[in-house]
Amino acid sequence: YTLSLHDALPIYQNVVKNSNLVAPKKGYKFWSTTIGVEKDPVALASILLKMDGTAKFEYFSNPRLLLNGKDIGPGNFVNQNGNKYVEFNFNPPVEMKPSEHILSMNMDVKSSAKNSTAQISLDSSADVSFFYPRYNLHIVKFGIIPNIAGLIRIIGLAEEEPQGKKTLN
């Protein structure tokens, strides 16, 4: 079986807008994308999402990948060539039938993340692995629109002031 141009798998990334996040926060959506599966079902084997900004890995926990709102698995924090990533590997791979699908990544944000920033992005087609289960073939060419997500500024409630009121920093 030879892949032709019409077999390309289009991926359209939904940019998360610049925003402020009050920490701590459970299950915050840092990234999402729409995947159009047009002909045969495809399977997601892995995805590597780059994490930029001043935030450190220890400020986050419980990275999860969701497909159409359903949790499909946990991720791991990894360093590669001086860059920070959240990596997801699926065995067995996650099958997607012909349709449009929403893939998103959520993480818990700890209060220690206060005054830091984070951006999550899918940089290139080399950072995601799909294949056709029917033919057991890796999809080596597909359309991708690289993005850098909006900058998330993580803020938190300050300690209680002497007057008994709380202020945002």
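The model shown is predicted, which means the values in this text are computed figures rather than measured ones.
Listed for the Lys84 side chain is a donor-acceptor partner under 3.5 Å among the backbone atoms of Gly53. Side-chain atoms of Asn68 come within 3.5 Å of backbone atoms of Ile102 as a donor-acceptor pair (strictly under, hydrogens ignored). When atom types are taken as modelled, the side chain of Ser111 and the backbone of Ala23 share no donor-acceptor pair closer than 3.5 angstrom.
The CZ atom of Phe57 lies 9.0 Å from the CE atom of Met107; values are rounded to the nearest 0.5 Å. With values rounded to the nearest 0.5 angstrom, Asp52 atom CG is found 9.0 Å from Thr117 atom OG1. The distance from the CG atom of Leu66 to the NZ atom of Lys29 is 9.0 Å, given to the nearest 0.5 Å. Summarising the geometry, atom CG belonging to Asn91 is positioned 11.0 Å from atom OG belonging to Ser46; distances are rounded to the nearest 0.5 Å. Between the OG1 atom of Thr33 and the CG atom of Leu49 there is a distance of 9.5 Å, given to the nearest 0.5 Å. Expressed to the nearest 0.5 Å, how far CZ of Arg64 lies from CD1 of Ile72 amounts to 10.0 Å.
Residues satisfying the side-chain hydrogen bond (donor to acceptor under 3.5 Å, both in side chains) test with Ser99, not counting sequence neighbours, are none.
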Run the side chain to side chain contact (heavy atoms under 4.5 Å, CB included) test on Leu65 and Val94 for me, step by step, so that the C-alpha distance in whole Å, both residues' side-chain angles and the decisive distance to 0.1 Å come before the verdict. CA-CA 11 Å; Leu65 201 66; Val94 178; over 6 Å; no
Go through the steps to decide whether Asp108 and Tyr28 satisfy the test side chain to side chain contact (heavy atoms under 4.5 Å, CB included), and finish with yes or no. CA-CA 6 Å; Asp108 296 343; Tyr28 186 80; over 6 Å; no
For Asp71 and Asn106, run side chain to side chain contact (heavy atoms under 4.5 Å, CB included): C-alpha distance rounded to whole Å, both residues' side-chain angles, the deciding distance at 0.1 Å, then the answer. CA-CA 10 Å; Asp71 189 332; Asn106 295 2; over 6 Å; no
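Under a hydrophobic-cluster definition in which Ile, Leu, Val, Met, Phe, Trp and Tyr are linked whenever side-chain heavy atoms come within less than 4.5 Å, directly or via other members, Phe131 and Ile47 are assigned to different clusters.
Applying the ring pair (Phe, Tyr, Trp, His ring centres under 6.0 Å) rule to pairs touching residues 79-116 yields nothing, sequence neighbours excluded.
Closest approach of Tyr132 and Pro41 over heavy atoms only: CD2-O, 3.5 Å. Closest approach of Val22 to Lys25, counting heavy atoms only: O-CB, 3.8 Å. Trp31 approaches Ser121 most closely through the heavy-atom pair CD1-CA, 4.2 Å. The two residues Val37 and Met96 come nearest to each other via the heavy atoms CG1-O, 3.8 Å.
More than 12 heavy atoms of other residues, nucleotides or ligands sit less than 6.0 Å from atom NZ of Lys110.
Put simply, the side chain of Val86 does not reach to within 4.5 Å of the side chain of Phe60, judged on heavy atoms. Residues Leu48 and Val78 are in side-chain contact: their nearest non-hydrogen atoms beyond the backbone lie under 4.5 Å apart. Residues Val109 and Tyr59 form no side-chain contact, since every pair of their non-hydrogen atoms from C-beta on lies 4.5 Å or further apart.
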